[in-house]
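Chain naming here is simple, since letters A, B, ... match the order of the sequence lines and numbering starts at 1 in each. From a predicted model like this one, the values you see are computed outputs, not experimental measurements.
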Amino acid sequence: MAEVKEKREQITVLFAGDSGDGMQLTGNQFTSTHALFGNDISTFPNFPAEIRAPQGTVNGVSGFQVKFGSSRIFTPGDAADVLVAMNAAALKANMHKLKKGGILIANTAGFDSKNLKLANCEDENPLESERLEDVMVYDVDITELTMAALEDSPLTKKEKLRTKNMFVLGFLFWMFNRSLESTENYIKEKFSKLPDVIDANVSVLKAGYNFGETSEAFTSRYQVEPASLEPGTYRSVMGNQGVAIGLIAAAKKAGLEMFYGSYPITPASDILHELAKHKNFSVRTFQAEDEIAAVTSAIGASFGGALGVTASSGPGIALKTEAIGLAIMLELPLVVVNVQRGGPSTGLPTKTEQADLLQAVYGRNGEAPIPVVAARSPEEAFEATYEAVRISVEHMTPVMLLSDGYIANGASPWKFPEASSLKPIKPLYAEKTEEEYMPYARDEKLVRKWAIPGTEGLEHRIGGLEKEELTGNVSYDPDNHEKMVKLRAEKIDKIADYIPEQEIDNGSDSGKVLILSWGSTYGAVKTAVEDLLKDDYDVGHAHLRYLNPMPRNLGEVLTKFDKVLVPEMNDGQLIHIIQSKYNKRCIPLNKIKGIPFTSAEIVESVKENYA
Amino acid sequence: MSEVKEKKYKAKDFASDQEIRWCPGCGDYAILKQVQSAVAQTGKPKEEIVFISGIGCSSRFPYYMDTYGMHSIHGRATAIASGLKTARPDLSVWIITGDGDSLSIGGNHLIHLLRRNIDTNILLFNNEIYGLTKGQYSPTTPEGSHTKSSPMGVIDHPFNPISLALGADAGFIARTVDREPRHMKDIFLQADEHKGASFVEIYQNCPVFNDGAFNAYTDRGLKDENTLFIEAGKPMTFHKDKKGIVLDGLKPKVVDLTSDEYSVDDCLVHDPSDRTVAYILSQFFDNDKSADLPRVFGVIYSENRPTYEDQLSNQVELAIEEKGEGDLDALIAGPNTWYHQ
Ligand code: SF4
């Protein structure tokens, strides 16, 4: 057939199906192949909150959005060029995300009367919707074609049907002219003990590819060249993975054994799963009885000279709060990871939000400041984590590392560092000297030394009661309390001397509008600023990794712009801190829908406020 | 990990420089003294001993021990100690807690430490009252008691701490009392000797808010007939051997050994490794007042099973054996990489 290969710089594909249709796996395989090919890429899995939501219903739709390209990619895309809808519910839930002129691949078997009923679409088949007028619709009976490809397979009907996602994958590989090799290898490894399953999956994968090749219906094939990424060795990484690896790397560089206390919670559990696999790094994972035991066991481990780490999401962090206060008093290292999700209370467990910033910075009883560091993307989670550990160990303080559901489950290519190039992390240990040991004596950074049990002559008692300066003995003295409160605060403030100054990520360093972002809004803002700069807007972008203390020069950066726009996936938290700290009115841009910003929303807001 | 060092200590080597702040006459003093004496006797180097406490009167204890120590937050001593012992199996870890601290706010961590069998010594100072907050009833206060927070009498059914520990599969369960210094010390030594979680309930008098709660077991005139001190391999007799415990089916009953009907040979012989016996002894409690059974003191149950921290250490060693010592570069790179020109 006539093959028209259209060159594209960037493509966004959205796989949508029932939670049992294997869309996550399809998306992940699609991603690996494109990453290996050399595209830059960013992904966004979107799962239903229920583990097995009723089949065929809109609540049970599972999605996986992926954007790849020959240029740099910072978000999984605002809207899809290609939408794969495995059933009516999937199309109903995602139709609005398809671009005008986009391609819809619909599995016709998923649009029978039963599926229409389950999706509450008896009145209007979404395939006949007006919204699809400008869309190229390809009806493919994926179910039937899959069964046909497996005519000779000994598998049961149910098992055969399970491979239909491979048909989709094979077909898209044809569409984007990609090799099947990486997925074939994956299948062979995953089902190494089940040869029939391997055969079936590979056959269906190939059938999907050949269907593109032979079917007359398809004329569009796309060519997306490799991206001009910085040369180097890359891997694909998900946010939670980046955090786990960052923790292990930092502990190892600091010469510490890691203890990880954790209670299962969405979307942080994958960090526990990842760490539990790496016991050969002397990582001790402890699945605690609750969130409080998770953090307090980590504090116990830190007292013993290990790196105590705990992670959770908002509700679990709330439970850990009292213990974080204890770690502040004890002045011991402790890393607390908060993979944020929609709140308050149980909120939206599988959706993303940035609404725990004020909790991280202020949310404890008493005067209880701690450093707060935020990751911005899956590929940067490693570095942010490494920094959180460095600050915690070198400044003897609990540190909160903020991530979120979007970073945690998203994936992107990562030009990873060599272990030898990582900054050293130096714990400050107490040693026995001629003089009497003072547990709360401080160095020029106001940091006390770590006295590890087992060290002769340094026996000492610490606790949550107010400490007397130097001796660490219990003290109710009014002047001492005030002094200690100030000392603890100053110790945290001083960390600003040991973090980099705020840089402008892109655009001008003075002018009309500065976009000040933090956390996972990075990608959307980055993309928006690139677009705005192309259109000659006078904008700059500063992205905060260090939220407490903030970089010393931040105030100065802010004064150089007429306007400061602060986009956040919450009702205005960073803006609150910035305005009170720097006395600079800023413009809020808030989205509280449990889904990330699109870059278009950022662009639009800048334009609105540009005048 | 350090090699085994034995040192010669006296009890006073474990006294810290801090002024002790319990009320005069508080049972805590006697317990402190016997703990200091017991740890001195073990000969363990003091830098390898850690005392962790929660919140409450008894939880000030670590300040008075010249070892490593932490006076932590309410109810969490058990969880903090779990992390410490897991990260540092080489240390000797003691937990000091009270009835409010470990049976109310910290109940969850206590039962989980016991089931995991983390090798720590838990000393539960049970005074059946909240002392530090000045006199509210606790989860061990008997029903009907009049306290500041129960002017019409307690309606909460109390915990039987020994039953709770048995239910959580604790590997070592004992009870002692602040007025029996030698018995206390002996129990502390046995608890320390036992590899695994050792749970010791200590009846501790609070003369300020609950004076005389344990009079029946400490008063000269009463204690003989109300207490049964058990020892492995010995028949269960009490009241100067005038009374004994025999089993009537599965039901224990008190018999008169001065009559001809029963002799010492009929009495139940204590076997701390027998779970059924332990269960029966745990029921020598106020719940069944008609039975008129004495209160049991001594090691009620003792069983050896693998500790959590040893099993975790084994997994770490096995992982290293199988995969080799972690290679950071290999971890960071992961299984699939590609080179971008
Ligand atoms: S209140 Fe009771 S338990 Fe507390 S120190 Fe005083 S006597 Fe001891």
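Distance check, rounded to the nearest 0.5 Å: CZ of F259(A) to OG of S82(B) gives 8.0 Å. Of the inter-residue distances, the one linking L326(A) atom CG with R76(B) atom CZ reads 11.0 Å to the nearest 0.5 angstrom. Q241(A) CD to L331(B) CG: the interatomic distance, rounded to the nearest 0.5 Å, is 9.5 Å. Here the CG-NE2 distance, from L330(A) to H71(B), works out to 11.0 Å after rounding to the nearest 0.5 Å. Between atom CD of residue E456(A) and atom CD of residue E47(B) there is a gap of 4.5 Å, rounded to the nearest 0.5 Å.
If you tally non-hydrogen atom pairs under 4.5 Å between each of L84(B), V50(B), I332(B), L328(B) and chain A, the highest count goes to I332(B). Counting heavy-atom pairs under 4.5 Å between each of K415(A), R235(A), K279(A) and chain B puts R235(A) at the top. In terms of heavy-atom pairs under 4.5 Å with chain B, the best-connected choice from N280(A), V283(A), V295(A) is N280(A). The candidate with the highest count of non-hydrogen atom pairs below 4.5 Å against chain A, out of Y308(B), F51(B), W338(B), is W338(B). Among A227(A), S182(A), S228(A), G242(A), the residue with the largest count of heavy-atom pairs under 4.5 Å with chain B is A227(A). In terms of heavy-atom pairs under 4.5 Å with chain A, the best-connected choice from I52(B), T86(B), I73(B) is I73(B). For the set P453(A), G463(A), A288(A), S282(A), the entry with the most heavy-atom pairs within less than 4.5 Å of chain B is P453(A). With respect to chain A, the highest number of heavy-atom pairs below 4.5 Å among S53(B), A333(B), A77(B), S59(B) belongs to A333(B). The most heavy-atom pairs under 4.5 Å with chain B, out of G325(A), A249(A), G38(A), A35(A), come from A35(A). Of the listed residues (A323(A), A301(A), S420(A), S302(A)), the greatest number of heavy-atom pairs within a distance under 4.5 Å of chain B belongs to A301(A).
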**Prompt:** Please walk me through it: do Y234(A) and Y339(B) pass ring pair (Phe, Tyr, Trp, His ring centres under 6.0 Å)?
**Reply:** CA-CA 6 Å; Y234(A) 284 76; Y339(B) 189 77; 8.4 Å; no
**Request:** Step by step, work out the side-chain contact (heavy atoms from CB on, under 4.5 Å) result for T337(B) and F416(A).
**Result:** CA-CA 10 Å; T337(B) 63; F416(A) 55 87; 3.8 Å; yes
**Request:** Assess whether salt bridge (charged side-chain N to carboxylate O under 4.0 Å, His left out) is satisfied between R116(B) and E289(A), documenting all intermediate values.
**Result:** CA-CA 11 Å; R116(B) 289 190 185 108; E289(A) 57 272 21; 2.8 Å; yes
**Request:** Show your reasoning for whether side-chain contact (heavy atoms from CB on, under 4.5 Å) applies to H460(A) and D66(B).
**Result:** CA-CA 7 Å; H460(A) 67 289; D66(B) 192 25; over 6 Å; no
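Using a 4.5 Å heavy-atom cutoff, the side chains of R461(A) and P62(B) are in contact. Contact annotation: the side chain of N336(B) never approaches that of Y186(A) to less than 4.5 Å [non-hydrogen atoms, C-beta and beyond]. Two residues are said to be in side-chain contact when any heavy atoms from C-beta on lie closer than 4.5 Å; V474(A) and Y63(B) meet this criterion.
Contacts of residues 101-114 of chain B with chain A at a heavy-atom distance below 4.5 Å involve N108(B), H109(B), H112(B), listed in sequence order. Scanning residues 309-327 of chain B against chain A with a 4.5 Å non-hydrogen threshold yields E309(B), L312(B), S313(B), Q315(B), V316(B), A319(B), I320(B), K323(B), G324(B), E325(B), G326(B), D327(B), sorted by number.
When heavy atoms are compared at a cutoff of 4.5 Å, A294(A) does not approach chain B at all. If you measure heavy-atom distances from L458(A) to chain B, the contacts under 4.5 Å come from both the backbone and the side chain. Contact annotation for T285(A): only backbone heavy atoms (N, CA, C, O) come within less than 4.5 Å of a heavy atom of chain B. With a 4.5 Å cut-off on non-hydrogen atoms, A306(A) touches chain B through its side chain but not through its backbone. Contacts of F382(A) with chain B are made by side-chain atoms alone, with heavy-atom separations under 4.5 Å and no backbone atom involved. With a threshold of 4.5 angstrom between heavy atoms, R115(B) does not approach chain A through any atom at all.
The shortest heavy-atom contact between R88(B) and I452(A) is NH1-CG2, 3.3 Å. Here the closest heavy-atom approach between residue T455(A) and residue Y68(B) is recorded as O-OH, 2.7 Å. Considering every non-hydrogen atom in both H74(B) and E322(A), the closest pair reads N-OE2, 4.4 Å. Closest heavy-atom contact between E48(B) and G454(A): CG-CA, 4.3 Å. Heavy atoms only, all atoms of each residue included: R284(A) and P89(B) are closest at NH1-CG, 4.3 Å.
Shown here is Y130(B), whose OH atom has more than 12 heavy atoms of other residues, nucleotides or ligands within 6.0 Å. When the shell of 6.0 Å around NZ of K253(A) is examined, it contains more than 12 heavy atoms from other residues, nucleotides or ligands. Counting heavy-atom neighbours within 6.0 Å of E181(A) CD, excluding the residue itself, gives a total of 12 or less.
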